[in-house]
Amino acid sequence: MSSLIFGGLPTSQVMETKLVKVVAIDGSGFEADEWRVYVLAEQSLQKWALVPGEVERLIYEFDVNRIVREAFHETIWESCAGSLSELDIWLLDMQPVDGGVMLLVAAVNTHLSPQLHYALGKFSTESVNPPARFSTFFPLKNTGFYREEDEEELLSYQFLLVEQSAFLYNQKEVLAVSAVAFSDEPDNIEFLGPGDRVLGGAVCGNVPVFFSKNHGLISISPSDFSPHDVNSSMSFSEAPGTLDITGSQFSEGINISMTEVELEELTINKDTATQMRVAFIHYIKKNLSQSESIVNEIFPPEEEPVIDIDAVLDTVVVKVSQDLINDIPAGDPRWAEMRPSAVSIKSSSSLHILHQLEDKQKALELYITFLKDLKLWNRFSAVTSRGVVMATSFVLGEHAEKLIAAIALRTLQANHSNVIETAMKYVLEERDEKPSAGLTHQDLFYREITKVHQIIKVLAKRSEEVVHSDRRPQEVANMIAETNIVILAVLQDVIQFRQQKAEVFCPSSPCSAGISEYLPWTAAAGKGGLRDALSLQQNLTLKNGARSTADRSLKNQLCDQLMHLIDIVLDGRKCYLESIRGTEKFDVLLQQYETERHSLIQQFLEDEEYERAAILAEKYCDFQILVQICELTDNKERLDQYMEKFSEQDFSQFLFGWYVREQKQGRLLKQFRSVEKPHAQQQALSQFLKDHPSLSWLQNIFSSDYKQASNTLKSLAKEETELLQRKKSMLSLAKLSLLAFDQQPEAVDEEVQALNTELDLVLYEEELPETVLSAYGYDIERLRVLTPMELVKLYICDENSTATEYDFKKALDLLSYIDDEFERSELRHKIWCQAVLRDTWTDTDSNSPLEVIQGMVFFRLAELMAFMGSSPDDILPSLERMLEAQELGSLKDHSSFQYLLKVGYEHVHRTLHTDQ
C-alpha cells in the first residue's frame, strides 16, 4: 500500500512524508468498476485510479503547498509587503465534493503577526491534468494565536461537509461555517465540561453527527431563524431525554435583558439618539414593525435626496455607533460608579476584556445590518470627523477598524505585556484618567475604542525617548524592534480588514454623491491620525535601529519592519488618492505622493537593500526605483521582467525616457537593438523612437535602414535652430546615409544636391568674420543657426568694415534661400545700396571717371558677377531706382554721384554687349 500512498517518492521522503487524508470515490460518476482515490500528504495531492484485478494507476501528483501558499498570500497578505517563503502552511483535512475535493488549510506569517488563519479551498479534479490553482478559496473568520506550544491544538481541526455548510471540529469545539463563500463569525459549540471532549464526527443521512465523551451522539441542524440575524442559531440535540440547547452566540453577547419599564422609559425620551437606540433594541428583539415605525417617525422618508453635511440622521447614527463601541461593560460591578444613569444598550456582559471587545464587534455588525435593513444606509450624507468632511459610512468603517485594532492589541499583550501596558499608562496619563474602584489601566484603555489609536502615537513617542536616553545602541535597537512588532501587527490587521470590507463601507447613497474623499485614520495627520507617529517610527527604525546595530539578524528584522511601516504609510496615501481621482486637486496631490513615495523607498537604495526596495517599488509602481535597482545591480533579466509585468502601465516608455533624461542614449540603443529582444519590447522601442527622432536614426543605422535614417536626419537638421555645428553634423550624416543607400546613384542625386545646398548655407554662416558676430553679441563657440535674411544683413552691415565685393556677392547668393519674392527684391536693392555706401562718390577726379569707378565696390561687384556668368540683365539693379533710393540719403541728389553712376552703367552695358 505504500506505493499507492506515496507513489514514486524516494525512500528517504517516504519516511518523512506525513499522510493527512485518503478519500475514495466510487465509479458511479465515471466508470462503474473504477474507484478514484485522492491521497493528501504533507506537501502533495495524488489522484489514483483503482480497478479490481488491475494494478493501481497514478493519474497525477502535484505540489499543493505552493498553491495554498499563493492563495493565502493573495487573500490575506497581498496588502503586506513580503515574500511567499515567509508563510508557514499546514494541510489539515480533505473531503470530497462535486467535481473535486475540498481542503481545510491553515497559515501564519510570524514575520508580521502570530495570527493563524484557516481557509477552505476547492480543487476541480475531473481533468486528467493536475489543477494549477484552487477553483474557490476563501478564508474563515475564526483565527487563532499561533504559539509553538499550542500548535497541536490549533492544527487539530477536521471538517465535515453537509450541502453548503462546513462543520469544523476538534476535541474542544464544533464550528459551523459556509462552505461556498466568505461568511461572518461562525456559530460554535464548546465542549468544556469536566472530562468532556469530541471524539469524532461523521455525516449520517445528510446530518452532521458528533460523538462526545460526556453526551454521546449529538446531531446538529439549523433552527428557525430570522433573516435579520447576524449568526444563525443552532440546535444541538442528543439521544432522547437528554440535552437540548438553542441559542445564539450573538444574543449572548448583546445584553437586551431590559425590562418593559426600562424600554418604556427610553421610548418616552424624545431625544433623537435615544429613539434610535430604542428602534435598534426593538430590531434586536425582532420587533421589526415597532423598529420601522420609530425610524420613520424620527427620520421621515424624503422625496428628494439632499446632500447635507452633519445632518441629524448622520450625526445620530455616528453617535449611537460611538456609544456602542465605547460602552461600559454591563456585567462588571467595578464599573458601577461610572455607569450612566440613563438606560442604554449594553453591548457586552462579559468580564473578560477580549470577549468584551468581540461582543462590541458583534454589536457594531448588527447595528450596521439594522441601518441597512431599515433603509437608513442609503440616506447617509457626510459628517465632520477629525476636522474633515467624511462620508458617514466611512466613519462607521473607522469604528469597525478601531475595534479590530483593539482586539489585535489585546491578543498581542500576552507576549508584549511590558511594552503595551507601559504605553497604556502613558495614554491614560495624557487623558488625565486614573484607575479606581478596582479597575485597572487595561480596563480604562480598552473601554474607549474610538481613542485606541492613541497608543500607537505613544509607542512612537516612547521609542523617541528611548533613543535620547543613555541606553546602549544595541538595547535601543532591540526596543525599537519590539515596538515595531506591536505597531505592525495591529495596523496590518486593520488594513487587511479595510480591504476585505471596502465594499461594505463604500458610500452608496445619492446624498453622499461627490463626497468620496477618504483619508484613513492610519494615514491622517494631526491629533486623530497616525501619519506623524508612523513617520517618526520610520526615522527611528532606520537611523537608530537598522543603521545602528552590528547584529545582522536584528538589522534584517529592523529592515523588514521599516519596509512594512513604509508599506502602511503608502497604502494610506494611495487609498486617499484613489478617493479623490477626477477632482481638481488630484494632480497636485499625486505629484506630492510620488515625491514622498520615492524618498521613502530611496532609503533602501542608499543602504543597498535592493530586494526590499524592489518589493515596495513593485507594489506601488515606482518605476524610477525599479530602473535604478536594475542599473545598480546590472540585472538586464529583471528589467525585461518588469517590462513584461508592467506593460499595461507603459513601463517601457518610462524606461526609455529615463535613459534619455540621464543622458544614456547609447546604453538604451545598445541594450535594445538586439534581435533577440521580445517583439513587444522592440515595438515599444519603435513607438518611443517615433517621438524621439534624435535617437531613431541610430536605430535605423543599426537595422541598415539608411534611407529612413537620412530622412530622419534631414528633418532634424531642418528643425535645428540652437547649434550650427549640430545642424552641419546632421546634414553630413544624412548625406552619408543617403550615399550608403543601396540604390543607383542617379536615384538619389536630387536628394544629395538638396543636402549640398543646405550645407552651403551652413558654410556661408561659418565664413562670417568673428568680429561681426562678436559685435552683435553672438556666442562664437556655440553659434546658433542664423536665417538667410540674418546672414545677408551681417555680410553687408557697417560693422563688417573689411567687406569686399566677394562678401556682397555672398549676400546676393543668399537671396536664393529666401522664398518670398518681395522680400528677396527688397534685400537685393538694399545690398546694392550698401555697396554704394562703401565708397566716396563726391570727392573724386572727374577727368578720369573710368579709373575712379573701377576701384568702387559697387562696380567691382558687377564685374565679379559678370565674371561668374550672371545674366547681363541680372548684374546691375535698375538705374532709375538707384538714383531714387532713399537708403542713399542726400548722396542720391549729388551731381558727382549721378554722373559717376551713369558713367559706370554705360561702361558696364557697352562692355557686356561688346563681349557678346
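Lys574 and Lys619 get closest at one heavy-atom pair: NZ-O, 4.2 Å. Of all heavy-atom pairs between Lys457 and Gly526, the closest is NZ-O, 3.2 Å. The two residues Val476 and Val466 come nearest to each other via the heavy atoms CG2-O, 3.7 Å. When all heavy atoms are compared, the tightest approach of Ser548 to Pro473 is O-CB, 4.0 Å. When all heavy atoms of Leu540 and Glu464 are compared, the closest pair comes out as CD1-N, 3.5 Å.
In this structure, Leu403 and His399 have side chains that are not in contact, with every pair of non-hydrogen atoms separated by 4.5 Å or more. Taking the side chain as every heavy atom from C-beta outward, Ile309 and Thr384 approach each other to under 4.5 Å. The closest side-chain heavy-atom distance from Ile625 to Gln602 is below 4.5 Å. Counting only heavy atoms from C-beta outward, the side chains of Tyr620 and Ile566 never approach each other to under 4.5 Å. Using a 4.5 Å heavy-atom threshold, the side chains of Leu577 and Arg581 count as separate. The shortest side-chain heavy-atom distance between Met730 and Leu733 does not fall under the 4.5 Å cut-off.
Residues that satisfy the ring pair (Phe, Tyr, Trp, His ring centres under 6.0 Å) test with Phe123, not counting sequence neighbours, are Phe62, Phe134.
Listed by first then second residue, pairs satisfying side chain to side chain donor-acceptor pair (under 3.5 Å) with a partner in residues 482-491 read His416-Glu482, Asn484-Gln537, Asn484-Thr541, Asn484-Gln561, not counting sequence neighbours.
The residues Glu606 and Arg547 are annotated as salt-bridged, a charged nitrogen and a carboxylate oxygen being separated by less than 4.0 angstrom.
Side-chain contact of Thr143 with His117: a donor-acceptor pair under 3.5 Å is absent, judged by distance alone. A donor-acceptor contact closer than 3.5 angstrom links the side chains of Gln413 and Arg410. Under 3.5 Å, the side chains of Thr522 and Arg531 contain no donor-acceptor pair of N or O atoms. For the residue pair Trp521/Glu401, the side-chain donor-acceptor check at 3.5 Å is satisfied.
For Trp90 and Tyr146, the gap between ring centers is short of 6.0 Å. Outside the 6.0 Å centre-distance limit, the rings of Trp77 and His111 are not counted as a close aromatic pair.
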Ignoring hydrogens and angles, write down the donor-acceptor pairs under 3.5 Å from the side chains of residues 583-593, residues two or more places apart or on other chains.
{"residue": "Thr583", "atom": "OG1", "partner": "Ile580", "partner atom": "O", "Å": "2.6"}
{"residue": "Lys585", "atom": "NZ", "partner": "Glu517", "partner atom": "OE1", "Å": "3.0"}
{"residue": "Lys585", "atom": "NZ", "partner": "Glu517", "partner atom": "OE2", "Å": "3.2"}

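Relative orientation of the Phe646 and Phe623 rings is tilted, given thresholds of 30° and 60° on the angle between their planes.
Distance alone, capped at 3.5 Å, is enough to place a donor-acceptor pair between the Ser135 side chain and the Lys122 backbone.
Open room surrounds CD on Glu722; 12 or fewer heavy atoms of other groups in view lie less than 6.0 Å from it.
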Exercise. Might you work through the side-chain hydrogen bond (donor to acceptor under 3.5 Å, both in side chains) test for Glu578 and Tyr518, ending with a clear yes or no?
Key: CA-CA 9 Å; Glu578 290 300 324; Tyr518 174 49; over 6 Å; no
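Rounding to the nearest 0.5 Å places CD of Gln624 at 9.5 Å from CG of Leu605. In this structure, the separation between NZ on Lys543 and CD1 on Ile480 is 12.0 Å, given to the nearest 0.5 Å.
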